[in-house]
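First the structure, in the form of structure tokens, and then the observations on it.
Along the sequence shown, residues are numbered consecutively beginning with 1. Keep in mind that the numbers below use all heavy atoms, side chains included, and drop hydrogens, waters and symmetry copies.
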Amino acid sequence: MELQEGRKGIPSLLSSQGECIASNITQLIGWTPLIELKNIAEKDGIGARLIGKIEPYQPLSSVKDRSALRLIEDAEEKGLITPGMTTLVGVTSGNLGIGVAFIAAQKGYKFIAVMPAKLSLDKQMLLRYLGSEVLLVDPAQHGFKALLDRVEQLKKDLGNVHVLDQFANSANPDAHFRWTGPEIWKDTAGKVDIFIAASGSGGTITGAGKYLKIMNPSVKLICVEPAESPVISGGEPAFHNILGIGPGFVPEILDRSQIDEIVTVTTQEAMDMARRLAREEGLLVGISSGANAAACLKVASREENKGKMIVTMFSSGAERYLNTELFAQVREECVNINRTF
């Protein structure tokens, strides 16, 4: 991975002379704004600066748009895939698959998403709407291995298949080394003291973290994982409801050597914080974003972090979780209200 100062996405359009028109949707993947959580910090008496990177600004509203683009571009650069000929296959809980789906649609690839059954119906619908095939697997029987076994079967059954493995492919963290890290560094004017990110595939904390550590070795990297399934911390895998993180194993691409600390967050803490972000900051973000923000508050409350800048990721938009527990109460309220008519 080479050190980059990329400013990919919308800024590249605005800096051009003449027309500011994207040639295709992949050109819009990249830069997203940072926002300071002043209301929550003031209410909780936090002396640190809490900063969130709003990844719902990506074309399809998720940080995984970055990884999806780099995974596909890397395979193209290596001559491994050809539009109209290669079938792309990937294991996903939804957001990475959606990122791959819209890029595949634009570039002319067929995409098959292998997903755990009984997860977000919204994501399954979006994948199908984008023209992708969705294969559901019941992970209750053999856990994550059941998903991998299905992928292996597809490789045997279909010709010219390329597997986009976000958990093992170095192109995933490379996306964040090339783009996310430099964006954070530039937009904070190099003032970031602590970077906090939950680990799903491990791409964000590894790639962006590596860049920030190169720019300033004193930057502290904190990894967030579900308290119910603290595998990176050395615990046992278990069910949790913070969608998109804590897959139940340590991803191959996760560079634990650069992580300074691991903070665990319960599903309830993550959902409570996601709701706070909506009602106190006006930010519609998902459950893992709530986990990141909850971890920020835990770290920011320490006396030694007073006055420091803490940056985290708001990885996806809340609208993608309308059919999950995150919206259970308001969904029930709305259903009951409508029954009166």
Ignoring hydrogens, what is the shortest heavy-atom contact between [X] and [Y]? Give both atom names and the distance.
X	Y	value
Thr264	Ala227	CB-CA, 3.8 Å
Gly90	Phe111	N-CE1, 3.6 Å
Val89	Leu154	CG1-CD1, 3.9 Å
Ala300	Ala48	CB-CB, 3.9 Å
Leu136	Val134	CD2-CG1, 3.8 Å
Ser288	Ile242	CA-CG2, 3.8 Å

So if you build clusters from Ile, Leu, Val, Met, Phe, Trp, Tyr with side-chain heavy-atom gaps below 4.5 Å, do [X] and [Y] land together?
X	Y	answer
Ile253	Phe167	no
Val219	Ile310	no
Ile262	Val265	no
Val137	Phe249	yes

Compute whether any side-chain donor of one residue and acceptor of the other, for [X] and [Y], lie under 3.5 angstrom apart.
X	Y	answer
Asn336	Arg339	yes
His240	Thr266	no
Trp31	Asp187	yes
Asp149	Gln153	no
Ser23	Gln27	yes
Thr87	Lys110	no
Gln58	Glu55	yes
Glu76	Tyr109	yes
Tyr211	Thr180	no
Asn172	Gln166	no

Nearest 0.5 Å please: distance from the [atom1] atom of [X] over to the [atom2] atom of [Y].
X	Y	atom1	atom2	value
Asp165	Leu71	CG	CG	8.5 Å
Ile337	Glu332	CD1	CD	11.0 Å
Ile112	Arg150	CD1	CZ	8.0 Å
Thr206	Asp174	OG1	CG	12.0 Å
Asn305	Ile46	CG	CD1	10.0 Å
Leu326	Tyr321	CG	OH	9.0 Å

Contact check, side chains of [X] and [Y], non-hydrogen atoms, under 4.5 Å:
X	Y	answer
Lys210	Asp255	no
Val263	Ile196	no
Thr312	Lys53	no

Candidate pair Ile51 and Val192, rule side-chain contact (heavy atoms from CB on, under 4.5 Å), full reasoning: CA-CA 9 Å; Ile51 312 295; Val192 52; over 6 Å; no
Glu77 atom CD, neighbour heavy-atom count above 12 within 6.0 Å: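 Yes - once you tally the heavy atoms of other residues, nucleotides and ligands closer than 6.0 Å, there are more than 12.
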In plain terms, say whether [X] and [Y] are close enough for a salt bridge, that is, a side-chain N and a carboxylate O under 4.0 Å apart.
X	Y	answer
Asp272	Arg276	no
Glu281	Arg275	no
Glu269	Lys298	yes
Asp65	Arg70	no

Verdict with reasoning, Glu261 to Arg302, per salt bridge (Lys or Arg N to Asp or Glu O under 4.0 Å): CA-CA 14 Å; Glu261 182 184 349; Arg302 302 170 189 169; 2.6 Å; yes
N/O donor-acceptor pair under 3.5 Å between Ser289 side chain and Ser315 backbone: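 Side chain of Ser289 to backbone of Ser315: a pair is present.
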From CA spacing to verdict: side-chain hydrogen bond (donor to acceptor under 3.5 Å, both in side chains), Glu225, Ser233: CA-CA 8 Å; Glu225 68 172 342; Ser233 303; 2.5 Å; yes
